[in-house]
Each structure stands twice: as structure tokens, then as C-alpha cells.
Amino acid sequence: MSEQQQAPRGTYDVLPGVAEHRARLVDGVAAPAFARAGYARIETPAFEHTELFARGVGESTEIVSKEMYTFTDQGERSLTLRPEGTAPVCRAYVEHGMHKLAQPVKLWYEGSFFRQEAPQAGRFRQFFQIGAEALGSDDPALDAEAIVLLARMLEAAGATGCRLRISSLGSSAERAAYSDQLKVYLRANEAALSADVRERIELNPLRAFDAKHEGTQAVMTDAPRLLSSISGEDRAHFDDVLALLTAAGVAYEIDDTLVRGLDYYTRTVFEFTSDRLGAQSGVGGGGRYDGLVELLGGPPTPGIGWAAGVERVLAVAEAAGAQPAAAAAADAYIALDAEADREAAFALACALRERGLAALIELGGRSLKGQLKQADRAGAKSLVILGGGRAAYDAAVKNMHTGEQRELNDLTKQDYIDRIAAELIA
RNA sequence: GUGGGCGUAGCUCAGCUGGUAGAGCUCCGCGUUGUGGUCGCGGCGGUCGCGGGUUCGAAUCCCGUCGCUCACCCCA
């Protein structure tokens, strides 16, 4: 076993059965929902220049400081497997001059992302996300639209019972001022904090709100809150988003301890969580990032987006009782023995498929009894039997449901496919 | 990186205080000299994660190591 090859730590194989589930989430639920809301699909590379994430995501984040898969290529360029999708989409927005299009530009994507973390329930090193980014407008309706989209998508996927927590981080200036205020508070209570939080007071004090450490939580109960210091336009923007969510019938909880891990967030931040998951309860989340495009060399451009974890959405759906779909049934199974004309049987299978029928042919060298079993497993509606003492192109067609079997005689090389197909369709 | 749990057939697992491996499911065949889904019988399949130690003898005890998993941290 130890010598056997296995998938790298934190990665996994999507096996048949599960693969269909995932495809249904992306192609059956997400794609149509995005299309109805005017979001266009975009695909960006699996790796980018390291600099994009260092600047876009932020040096102080856990992701950039220790979770990136970074490598140097043959041209001595530092590249990084994308750990998230917002910075790449913003890069593409700038690179392709999308700011000259009618605004806002609404984009969505699906794909794999990479972070070098210790894997655990719901957390992988290669994971899949469905994401949305809407750039070029700071209208609160854009925020609300994006949030409603995710809320409805989760329900459609069967991931019911998720909680939506929402808050506002205000402008970056307000956030900076608040950050200083919080640092002072944390230092004053340093003794009660966990070692992790203490070490991050300077780097990212907001993170303290997330800690599960008891002493830290006690301290944070009385900590100053960013939301209460937000006023003016930012406050009005937030209130507007809330009013629109209410109008759309989406329930939310205002949570002034909500912190998002990426540096670029401003104003609206939100997160959908589920108590059906393990420690990684976040199903999807995002927020507004009004300074990011400019930071990446583009014109001042507001934006909002979110990402949802495919594995987590599916996990919630499964825990909520969403049932797997039945395997696709075959229309016909072609059974043959050693004396059957192999070429005729093969040509028949190919021809039936070209006519739109799901046709399977025996490939395992089974006994006829075994072939019947296999046809049954494949859910075949009909069985076509060749050989067994019949003339070259003659065949029997058996209805697997009723057990009824009809012999087709005097078939020729010219008409056997048509006649067998006609019998199958009848 | 730190801590807990676990590593025995493809899958789920049993194997007590040491005597060199079992079950169910799956798969293949037979029972039906071609005809399935039930049932019965048989078969394929394991260097018991790996390495070392104790012992006449270890899947079973000891040490080490690797892997998986859950949690902290972080986040989708």
C-alpha cells in the first residue's frame, strides 16, 4: 500500500456518480441562474504571476503569507496556482479594457483553486468554487442582486437551511482608523488572548473576532465594533442593501463581528454558513472590493463578488437529504457469443448510437447469463442477441421489462440495422 | 505546524488475554447444453501501511516511520 500511488494530500478523485452531482450543480443550477441574472461566464488561467495575488489579496493574509503554491518557471518567472478568483477576474477586466464596456460588467466562473493548508472536513488543497464578480457600479442593488443570486442558488442546489450573515466594513479609511482603535483595545487585553491572536495584533487585528479560543472570545465580546462607527454614505449604502434583501424576501442576520479574510474587502461583506458541516461551516461568501481594480492598475472601479465552495455546497445538500439521481439507463444492450458476427454487432452498436439510442455492447467476454446480468445492471430497456446458432444477421430482441422476446429472421447485411432499430423503437 | 482517532481483500468491517487470516457486499462461473433482476453453490482477490524489536511463533505486544482522518489555525 505504501508503495502505491495515491492522489496528493488534500486532493481527491471525483468518481462516476459524484461527477454527475457536480455537473448538475454547475451546469444545471449555477449556469442557468447566472444567465437569468445577466452574468456572463469567464475563465481565467489556473496560475497567475505571483505578484497579482501578493498585491491583490494582500500580504497580511494567511493565503498569501503561507498557503500559496508558488513555483518558478523556466523563464525565472514566479508563478502561483490561483488561491482565489477575484484578483484574476479583476486582472482580466483591466487587461481587456472591460471598463469601456457598458457598466456594470457581471461575470461568473467555476474552477479549481489551490491552497496549501492542512486538509480536514470540507477543506482541500485543490478545491472548486463557483464565483461571481460584478464590476463597475457601487449601486447597492448590485450587492443585493449578487447576494440573492447566491441564496437562491444554494436552495436550488438542495443546500437548504443556510444562514446569511452580513455586515459592512465601511470605506478603507474608516477601516484603517477602526483597526488602530482595535489594536489598542487588544493590547490592553493581551493577557487573555490566545497566542495566535496575540501574534496577529499588528498584522490583522480583525481576525480576533473569528477566534474560537474562549479567553479571546470573552475579550471580543466587549471590543469596539466597526459597524457602529460607520456613517454617512457607507451607512446609507448598507441600509439600502438590507432593504433590498428584505424586498427580495431573503432573510439575513446583521453580524458586526463578521470578518472576511481577504484584505480587499470594503463596505458590504457577507457569508452563508451551515451548521450541517464540520468546523468549516462557510458555504460561500464575499463582499465589495471598491479599491481592488485600481490597485491592480486599472481605473477606479467599484466591484462586488462572492465565491461558493462546490464541495461544501454538495456536502450541505447531501446532509439536507438531497438524493442522488438514478444512473442513466441504456436503450439497448447487444449480447453476443463466440459464433456471432463481431463486426456486425459492433457496427450495430455504432449505428444505434448515431441514431440517438444509448446502445451498449458486451465487452467483457461474459457468458450469456452474465450478459443478461450486465444488461440488467445497465438498466437496458432491450436486449439484442446475436449468434447462438442464428443466421449471420438474424437477431432476437428481448424486452427486459416484460421478458417478451421476438426473433427477427432473414435479416441481411443491408437491412439488419434498420430492422433491429425499428424493433427497438417500437 | 500542534493535538486526538485510525490504518486487515475493490468496498464496509471482524479477528478476545500472541499460534503464521475471516465475514458481508461487489465481481466471475455454475445450478438452467446460451436468457437477467430472487435463491443456492463455487471461485477470483490480502507480503494484515512500511521498517525494526521482543518471542519457538506477532495482524495481535514495544519502538520508529509513512499515510488517512478530525480538530486548532484559516477559509470556499
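Because only heavy atoms are used, hydrogens play no part in the values below, and waters and symmetry mates are left out as well, while side chains stay in. Convention: sequence-line order gives letters A, B, ...; per-chain numbering from 1.
- Protein atom NZ of A:Lys373 is 11 Å distant from nucleotide atom C1' of B:C30, rounded to whole Å.
- No engagement by A:Gly389 is indicated, since no non-hydrogen atom pair under 4.0 Å with the nucleic acid exists.
- Atom-to-atom, NZ of A:Lys212 to C1' of B:C74 comes out at 9 Å; the value is rounded to the nearest Å.
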| said: What verdict does the side chain to side chain contact (heavy atoms under 4.5 Å, CB included) test give for A:Thr216 and A:Lys212, after you've listed the backbone C-alpha separation in whole Å, the side-chain angles of each residue and the deciding distance to 0.1 Å? | reply: CA-CA 8 Å; A:Thr216 305; A:Lys212 292 177 186 174; over 6 Å; no
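- B:G37 atom P lies 21 Å from atom NZ of A:Lys381, rounded to whole Å.
- At B:C74, none of the side-chain N or O atoms of A:Arg260 fall inside 4.0 Å of OP1 or OP2 (strictly under the cut-off).
- The base of B:C68 does not come close enough to the side chain of A:Arg9 for any donor and acceptor atom to sit less than 3.5 Å apart.
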Which protein N or O atoms sit under 3.5 Å from an N or O of nucleotides 42-45 of chain B?
none

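- As judged by a 4.0 angstrom heavy-atom cut-off over every strand, A:Gly285 is placed among residues touching the sugar-phosphate backbone only.
- The CZ-C1' distance, from A:Phe127 to B:C74, rounds to 11 Å in whole Å.
- Within the shown strands, B:C70 is the pairing partner of B:G3 under the Watson-Crick or G-U definition, both distances less than 3.5 Å.
- Comparing the same atom, P, in B:C11 and in B:C27 gives a spacing of 15 Å after rounding to whole Å.
- For the residue pair A:Thr257 / A:Asp255, a side-chain donor-acceptor distance below 3.5 Å is found, with atom types taken as modelled.
- Within the 4.0 Å cut-off from OP1 or OP2 of B:C28, at least one side-chain nitrogen or oxygen of A:Arg366 is found.
- Judged purely by distance below 3.5 Å, without hydrogens or angles, the side chains of A:Thr86 and A:Tyr264 pair a donor atom with an acceptor atom.
- Comparing the C1' positions of B:C44 and B:G29 gives a spacing of 10 Å, expressed to the nearest Å.
- For A:Arg207 and B:C75, a side-chain-to-base donor-acceptor distance below 3.5 Å is absent, hydrogens and geometry of angles not being considered.
- For the C1' atom pair drawn from B:C13 and B:A71, the interatomic distance equals 25 Å after rounding to whole Å.
- Side chain to side chain, A:Glu133 and A:Tyr289 meet the donor-acceptor criterion of an N or O pair below 3.5 Å.
- With both ends at atom P, the span from B:A23 to B:G40 equals 15 Å, rounded to whole Å.
- Among the atoms of the strands shown, only primed sugar atoms or phosphate atoms (P, OP1, OP2) are found under 4.0 Å from some heavy atom of A:Asp196.
- Base pairing analysis places B:A9 opposite nothing; no Watson-Crick or G-U wobble pair with both distances below 3.5 Å involves it.
- Set against B:C74, B:G67, B:A76, the side chain of A:Gln6 has B:G67 as its closest nucleotide.
- Using bins of under 30°, 30° to 60° and over 60° for the plane-to-plane angle, the ring pair A:Phe34/A:Trp306 lands in the parallel bin.
- For B:G37, there is no paired nucleotide, since no Watson-Crick or G-U wobble pair has both relevant distances below 3.5 Å.
- Shown here, B:C61 forms a base pair with B:G53; the pair counts as Watson-Crick or G-U wobble because both key distances fall under 3.5 Å.
- A side-chain N or O of A:Gln126 and one of A:Ser112 form a donor-acceptor pair less than 3.5 Å apart.
- With 3.5 Å as the limit, one finds no donor-acceptor pair spanning the side chains of A:Asp234 and A:Ser168.
- Looking at heavy-atom distances under 4.0 Å, A:Lys398 makes contact with a base.
- Residue contacts for A:Gln371: at a heavy-atom cut-off of 4.0 Å it reaches no nucleic acid atom on any strand shown.
- Remark: A:Gln120 is not in phosphate contact with B:U69, judged by side-chain N or O atoms under 4.0 Å from OP1 or OP2.
- In this structure, the CZ atom of A:Arg22 is 17 Å from the P atom of B:A76, given to the nearest Å.
- To the nearest 0.5 Å, atom CG of residue A:Leu182 and atom CZ of residue A:Arg187 are 10.0 Å apart.
- Within 90° of 0 lies the glycosidic angle of B:G34, which makes this nucleotide syn.
- Among the heavy atoms of the strands lying under 4.0 Å from A:Val283 are primed sugar atoms or P, OP1, OP2 only; no base atom is included.
- Looking at heavy-atom distances under 4.0 Å, A:Ala121 makes contact with sugar-phosphate atoms alone, never a base.
- Between the side chains of A:Thr80 and A:Thr50, a donor-acceptor pair is found at a separation under 3.5 Å.
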Just distance, no hydrogens or angles: give the donor-acceptor pairs under 3.5 Å from side chains in residues 308-320 of chain A, sequence neighbours left out.
residue: A:Glu311; atom: OE1; partner: A:Phe128; partner atom: N; Å: 3.3
residue: A:Glu311; atom: OE2; partner: A:Tyr12; partner atom: OH; Å: 2.5
residue: A:Glu311; atom: OE2; partner: A:Phe128; partner atom: N; Å: 3.0
residue: A:Arg312; atom: NE; partner: A:Gly122; partner atom: O; Å: 2.7
residue: A:Arg312; atom: NH1; partner: A:Gly282; partner atom: O; Å: 2.9
residue: A:Arg312; atom: NH2; partner: A:Gly122; partner atom: O; Å: 2.9

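- Residue A:Ser367 has a polar side-chain atom (N or O) positioned under 4.0 Å from OP1 or OP2 of B:G29.
- To the nearest whole angstrom, the two C1' atoms, one in B:A76 and one in B:C63, are 41 Å apart.
- Out of B:C74, B:G36, B:G34, the shortest distance to the side chain of A:Asp376 is found at B:G36.
- Of the candidate nucleotides B:A76, B:C72, B:G67, B:C72 has the atom nearest to the side chain of A:Gln280.
- The C1' atoms of B:C62 and B:U26 are separated by 38 Å, rounded to the nearest whole Å.
- Residue contacts shown for A:Gly388 include a base, since a base heavy atom lies under 4.0 Å away.
- For the pair A:Ala7 and A:Ala396, nearest-nucleotide mapping onto RNA chain B gives the more 5' position to A:Ala396.
- Nearer to the 5' terminus of RNA chain B, by closest-nucleotide assignment, is the contact made by A:Gly387 (compared with the other of A:Phe128 and A:Gly387).
- Ion pairing between A:Arg419 and A:Glu423 fails under the 4.0 Å rule for side-chain N and carboxylate O.
- Taking atom OH of A:Tyr12 as the reference point, atom P of B:G67 lies 21 Å away to the nearest angstrom.
- Residue A:Leu262 is in sugar-phosphate contact alone, with no base atom involved, counting any heavy-atom pair closer than 4.0 Å across all strands shown.
- Checked by distance alone, A:Lys369 brings a side-chain donor or acceptor within 3.5 Å of a matching partner on the base of B:G31.
- Taking the C1' atom of each, B:U8 and B:C50 are spaced 14 Å apart, rounded to whole Å.
- Closest to the side chain of A:Glu62, from the set B:A71, B:C73, B:G34, is B:C73.
- Rounded to whole Å, the C1' atom of B:G67 lies 23 Å from the corresponding atom of B:C74.
- Taking the side chain of A:Arg200 as heavy atoms from C-beta on, and the options B:C27, B:G36, B:C73, the nearest nucleotide is B:C73.
- Considering only side-chain atoms of A:Arg115, the nucleotide from B:G37, B:C75, B:C72 that sits closest is B:C75.
- Rounded to whole angstrom, the span from the CG atom of A:Asp263 across to the P atom of B:C74 amounts to 14 Å.
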